[in-house]
Every structure is written in C-alpha cells, then in structure tokens.
A.B. asks: 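Before I ask anything, let me first share the structure, which is written out below as structure tokens.
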2 protein chains.
Amino acid sequence: MGYYIGQVAQKTGLSTHTLRYYEKEGLLPYVKKNGSGLRIFSDTDLNWLSIIECLKETGMPLKGIKQYIDWDKEGNKTLNKRLEMFENHKKHVEEQIEKYQKYMQKIDYKINVYREAVKCGDLQKALKKIK
Amino acid sequence: MGYYIGQVAQKTGLSTHTLRYYEKEGLLPYVKKNGSGLRIFSDTDLNWLSIIECLKETGMPLKGIKQYIDWDKEGNKTLNKRLEMFENHKKHVEEQIEKYQKYMQKIDYKINVYREAVKCGDLQKALKKIK
DNA sequence: ATAATCCTTAAAGTTAAATCTAAATCTATC
DNA sequence: GATAGATTTAGATTTAACTTTAAGGATTAT
C-alpha cells in the first residue's frame, strides 16, 4: 500500500535524487513518511507525478507547476485559478504544435534539397534544379 | 549591401549579445567584418539565421546546429551527412508533436474536470460526476 | 547479519543558452 | 569636429533543472 522512493524512481524514470529535489521544491507535498522516516509514495502521489510529467514535458517550468500545487493545497477557493492555468497551458501547447508544424515545412524543403544534392553530388546544382 | 549587428538584432528578434555569442560558438562563420572590425551581415547570413532559428526552435541544441554548419563548410562531400541529419531531425520533430498531442489529452481532461469543479464549487464532486 | 536501500543536510558542480559588464573604438549626424 | 549612439573584446554572471559528493547514520530485505 505504498512505494519506496527507489520503486517510484523505477516506475517514473526519474532518479531518487530528482524525486527528493522535487519534494524540496514543493512539488510533492502529499508524500507521507513512515515511522522510520522513509518516504512512502501513494498512488495519489504517483498521479501527481504523472501530472508533473505532463506539465513539465509540455514546457511548463517547475515554478509554474509549484504554483499549481500550491493552489491545490489551498482548496476549492482556487478552482478558477487552476482552470485558468490549464486553459492557458493548453493554448501554449497548441502554439507549440503549430510552431513545430510551421518549421516542419522548412525541414521538408531542406530534405528535398539535400536528396537532390546527394543525387547529383552538388548542392548548388540541386538548388537551381529545385528553384 | 549588408547590415550592422543592431539591424540584424531588430530583424531577427535576437539580441546583439546573442548574435555575437552565436558567432563565437561557430554558428555564423560566414559573417564578414568591415575595415574597422564591425560585423557586416549579408542576406546569406540572414538565411543562415533563419535556418538556425528553425533548428533551435524545434529543439536542436546549438551544438547540433554547429555540426551542421561545420559540415556545410566542408562542402559537397558531407551532403549525405546533412541529409541524414535533417531526416533524423524531422523524425524528432514528429515525435515532439506526437508527445504534445498525447499530453494534450490529459490537459483537456483536466480542463473538463476544473470546468465542472468551478460550476459546482467542489473538486471532489466534479471528479465523481465525470468518472 | 549483512547487503542494499534509505535518511538528512549542505554545498559544489554541470550544462545549455544566454546575458551582462567594462573599457575602448567606430559611425552618423549636426 | 563634437558628440550621441552603436559596436568591439574578453570575461563574469545568471537561470533552470538537475547531478554529484560527502558524511554519517538508520532501515529493510534476504
């Protein structure tokens, strides 16, 4: 009915160092300790880690994630703020995707150029051919 | 027939500091200097900056970009390597997009939850309703 | 009982990508 | 030709997110 930090490290791919670091930074306020002082992670804590992963991997800095967790700790009076933060973050992620798709066109063009260049052995010739 | 560093900074949105830093790191090897030692950026240099932007904004570290530029300097014998690098990078960008789309589902779920929670004023109630 | 895992604190080191500082020099305008 | 604003260099500093080190001890699993 709980996991030691090493097991959580394995499950998440994070190091035990990083997990303690996250806790120190206030990102894991709900992790309990047993009588001997060892951290016992619950399934709820793993869910938190999954949200942290989601936000971090989509570009939110740890400070922003901490803000969200602080709001969670404050309870229902911060529901609006949390909704707003997810809506803003969604927008941010959408913009990231659009940006990536935009640059993808340039990358595809470059691939075309270099495929042609490899074929004829000369970049300048390839550029003329494609233009 | 060329731009001073400040003009390039304005055009690109990069700072003059950053432009000099890029040059120092070997990312702008083609930029010339005038008789007094001031940098004069050509349109070709601006094109390079545009490629650098594309690669950087899609997650390539400056080191990787430098590698590409070094290959360019070596001429046609590295065409294969450059093609391969763009193909790999395309794959990387595709994976990024997929990752973002995957996490977007989680974000959308959270938005649903918090919208409902804001409506009824209680996160726990909202969670039960949605599940 | 002993090896593996965990604890704390505190500080130093790392990496990437800038960003800033200072003193000196160049360019453009009046 | 004076002067304000831009540019030069080398080197120091910053920020984020870890990662490592160390010391010294406690707990857990086999």
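Labels below follow one simple rule: chain letters A, B, ... track the order of the sequence lines, proteins then strands, and each chain is numbered from 1. Keep in mind that this is a model prediction, so the values were computed, not measured.
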A.B. asks: Taking the side chain as every heavy atom from C-beta outward, state whether Y103(B) and E53(A) have any pair of such atoms under 4.5 Å apart.
C.D. replies: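 Y103(B) vs E53(A): side chains touch.
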A.B. asks: Assess, by modelled atom type and distance only, whether the side chains of T78(B) and K73(B) contain a donor and an acceptor separated by less than 3.5 Å.
C.D. replies: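 There is no such pair between these side chains.
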A.B. asks: Checking E23(A) now: which residues fulfil salt bridge (charged side-chain N to carboxylate O under 4.0 Å, His left out) with it, not counting sequence neighbours?
C.D. replies: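 Listed in chain order: R39(A).
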A.B. asks: Would you grab the first and last nucleotide of DNA chain C (5' to 3') that comes under 4.0 Å of any non-hydrogen atom in chain B?
C.D. replies: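 Reading along DNA chain C, I get dA16(C) to dA28(C).
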A.B. asks: Just to be sure I understand the geometry, which residues of residues 5-29 of chain A put a non-hydrogen atom under 4.0 Å away from DNA chain C?
C.D. replies: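 Those residues are I5(A), G6(A), R20(A).
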A.B. asks: How far does CD1 of I52(B) sit from CD1 of I69(B), to the nearest 0.5 angstrom?
C.D. replies: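 If we round to the nearest 0.5 Å, I52(B):CD1 and I69(B):CD1 are 4.0 Å apart.
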A.B. asks: For DNA chain D, which residues of residues 52-73 of chain A approach it to below 4.0 angstrom with any heavy atom?
C.D. replies: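 DNA chain D contact set from residues 52-73 of chain A: K56(A), P61(A), L62(A), K63(A).
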A.B. asks: Sort me out a list of protein N/O and nucleotides 22-29 of chain D N/O pairs below 3.5 Å, or just none if empty.
C.D. replies:
residue : atom : partner : partner atom : Å
dT27(D) : O3'  : S36(A)  : OG           : 3.3
dT28(D) : OP1  : N34(A)  : ND2          : 3.2
dT28(D) : OP1  : S36(A)  : OG           : 3.3

A.B. asks: Would you check if there is a donor-acceptor pair between the side chains of Y3(A) and D45(A) at a distance under 3.5 Å?
C.D. replies: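 There is no such pair (donor and acceptor under 3.5 Å, judged by atom type) between the side chains of D45(A) and Y3(A).
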A.B. asks: Does K99(B) come within less than 4.0 Å of E57(A), counting only side-chain N to carboxylate O?
C.D. replies: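 Answer for the salt bridge query: yes.
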A.B. asks: Can you tell me how far the OH atom of Y21(B) sits from the CG atom of L28(B), to the nearest 0.5 Å?
C.D. replies: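 Those atoms lie 12.0 Å apart.
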A.B. asks: Within the 4.5 Å heavy-atom criterion, are K110(A) and C54(B) side-chain neighbours or not?
C.D. replies: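 Contact flag for K110(A)/C54(B) side chains = no.
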A.B. asks: Once rounded to the nearest 0.5 Å, what's the spacing between atom CE of M104(A) and atom NE2 of H89(B)?
C.D. replies: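 One gets 8.5 Å once the value is rounded to the nearest 0.5 Å.
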A.B. asks: With side chains defined as the heavy atoms from C-beta onward, is the minimum distance between E74(B) and K77(B) less than 4.5 Å?
C.D. replies: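 Yes, at least one pair of side-chain atoms sits under 4.5 Å.
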A.B. asks: Can you check nucleotides 3-5 of chain D for protein contacts, nitrogen or oxygen pairs under 3.5 Å, and list what you find?
C.D. replies:
none

A.B. asks: Can you see whether Y30(A) engages N47(A) through a side-chain donor-acceptor pair at a distance of less than 3.5 angstrom?
C.D. replies: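 N47(A) and Y30(A) do not have a side-chain donor-acceptor pair below 3.5 Å.
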A.B. asks: Within the 3.5 Å criterion, strictly below it, is a donor on E84(B) or Y114(A) matched to an acceptor on the partner's side chain?
C.D. replies: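 Absent: no donor and acceptor within the cut-off.
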A.B. asks: Do the rings of W48(A) and Y68(A) sit parallel, tilted or perpendicular, given the 30° and 60° boundaries?
C.D. replies: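 Correct class here is tilted.
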A.B. asks: Using side-chain heavy atoms (C-beta onward) and a distance below 4.5 Å, is L123(A) in contact with R82(B)?
C.D. replies: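 Heavy-atom side-chain distance check passes, below 4.5 Å.
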A.B. asks: How far does CD1 of I5(B) sit from OG of S15(B), to the nearest 0.5 angstrom?
C.D. replies: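 It comes to 8.5 Å.
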